[in-house]
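Just so we're on the same page: letters track the sequence lines, and every chain starts at 1.
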Amino acid sequence: MGKEKIGITVEKNDDFSEWYTQVVLKAKLADYAPVKGLIVLRPDGYSIWESLRNTFDKKFAKNGIRNGFLPILIPESLLGKEQKHFAGFNPEVFWVTHSGTNEVGDRLALRPTSETLAYTLYSKWIQSWRDLPLKINFWNTALRAEIKATKPFLRTSEFLWQEGHTVHMTKKEAEDEVIKILDIYKNTVESELAIPVTTGKKSEKEKFVGAEYTTTMESIMPDGKALQMGTSHFLGQNFSKPFEVKFADKDNVEHFAWQTSWGVSWRLIGAMIMVHGDDKGLVLPPKVAPIQVVIVPIYKNDEGRETVFSKVKEIEKSLESKQIRVHIDDREGLSPGYKFNDWEMKGVPLRIEIGPKDIEKQSMVMAKRYNLEKMNLNFTEIENIPSLLDKIQNEMLNKAQQEARVNTIDISEYSDFKVKIEKGGFFNSPWCGKLECEDAIKEETGAEIRVVPFGSEDKTQKCIYCGEKSVSIPVFARGY
RNA sequence: GGGAUCGUAGUCUAGCUUGGUAUGAUACUAGUCUGGGGGACUAGUGGUCGCAGGUUCAAAUCCUGCCGAUCCCGCCA
């Protein structure tokens, strides 16, 4: 009874997949919906998403991007307009075939992504160079039928995300935008979620269908697999031509515009759970934690309760005045030990314990979630809590960076590669740039090119597969 | 798409082979005691046995179909 049944019943290192699912459910971030592949976000899960959304919105706004909203239904005739794009998505599109009892003529897709819809509108909205650049972001959900292998946050048939779509006069301006967005993604994920990412380009084989090229950020998970954290695509004129997104330039000559699209999803929450969680459950980075400090009052009787609570309320007020999200656990009838474990499962970054002993000494016990360290703090040190939270945030990033570094290795011998890939990890291995080698490596080892990091061009080495001259040193890994 | 396992109260679970009105724990409610790492006792509440058919006097149990979950392989934003 007790311990084993209530908390997380498996160890992270022992059964990673089961551990992940238990943390999601038991920390009350999400639950399963009655339809396959769909999940329900609970307030603690949604709160993390809102926090990320707010951060992104501020950064997008600073970059001249505004939010809009697009409908969820897209007619088949529209979705099929860019053929490669359509062929890529077709197998996983949900179709609406009826309205009421009537069959609809042109089937309606539940959006797997909105390029085709957005650009139909864009072609109406853009006529002159004065209308450019046009930069709009959409917070919505995308639907892609996942027949198998669904996993909360990581792979679901409907997921929350943002999709940004920008239009530019010049190729260069569009390409600069692609990189600006990728930078926003990278610094937000690193500073808010404390997860290090590797940025670069996808290979031709792995790029977004319909894009000229795809830039990506990839992170390594504790089980050695790679997770795509977000992508920013340079669409070139691949969509502006079929959708006639054109503008009249200053010299009154009509040009097709240059476009970008980019997105991150709630998969980021999944990554955060995997990277930081431990055997006791979730560990939240302070910046996105719905509750940053939880106070557990301890008392024996009514008088004790009163003394303790007046102090606890005082601390709450003081923390709130410092913009800290604080919660007092005043649930009756639960032992302090139970509450400690409960808040640890939910990942609250800091816990304060205050009982009669502490009041006497004018101090309190403070426990840090991420390393389970406990210490005694004088009441006067409450002033330092905001900087302590910042410090925790940094230390969590450092720790994750260190782990990522350990699991990233340079390998140039294919025999070595084949053996070590079984344990997972990011492998920096030289590549000749040919699809045949990429395919063969995938076929033989299950590893694929996750990202060709910026600055990894290197013509001095030999391709790990064919031995010919290399063009770059991509990151190979098995992915989610 | 191929393979394997599974579905009984909020959660976990016994019962299924050999059909006969569902077991236990935990959670929940009330009360008393308790309270610094998952507390104790007492009394309660809670079930279309995943759904739909079939066989039978009788189905959680046997048969068929469907829905859902987990894992491995394949495929993919």
Original post:
Of A:Lys201, A:Glu204, A:His233, which meets side-chain hydrogen bond (donor to acceptor under 3.5 Å, both in side chains) against A:Thr214?
Top reply: A:His233
Subject >> Short side-chain to backbone donor-acceptor contact, A:Thr215 and A:Ser232, under 3.5 Å >> reply: yes
Subject >> RNA chain B contacts made by residues 213-229 of chain A, counting heavy atoms under 4.0 Å >> reply: A:Gln228
Original post:
Whole-Å distance between B:C12 C1' and A:Gln22 CD?
Top reply: 11 Å
Subject >> Opposite nucleotide pairing with B:G1, Watson-Crick or G-U, both atom distances under 3.5 Å >> reply: B:C73
Subject >> Of the listed nucleotides B:U70, B:G36, B:C76, the one nearest the side chain of A:Ser17 >> reply: B:U70
Subject >> Spacing between A:Tyr338 atom OH and B:C28 atom P, to the nearest angstrom >> reply: 6 Å
**OP:** Take atom NZ of A:Lys339 and atom P of B:G39, then tell me their distance rounded to the nearest Å.
**Re:** 12 Å
Original post:
What integer distance in Å separates A:Glu332:CD from B:C28:C1'?
Top reply: 17 Å
**OP:** Mind checking side-chain hydrogen bond (donor to acceptor under 3.5 Å, both in side chains) for A:Tyr185 and listing every partner two or more places apart, or none if nothing turns up?
**Re:** A:Gln162
Original post:
Which whole-number value in Å describes the distance from A:Leu25 CG to B:U11 P?
Top reply: 10 Å
**OP:** May I ask you to decide whether A:Lys205 forms a salt bridge with A:Glu448, counting only side-chain N to carboxylate O separations under 4.0 Å?
**Re:** no
Original post:
Roughly how many Å is it from CG in A:Asp342 to P in B:A27, rounded to a whole number?
Top reply: 12 Å
Subject >> base_contact_polar (B:G74 base, A:Lys442 side chain, donor-acceptor, <3.5 Å) >> reply: no
Original post:
Which value, in whole Å, describes the distance between the C1' atoms of nucleotides B:C49 and B:G19?
Top reply: 14 Å
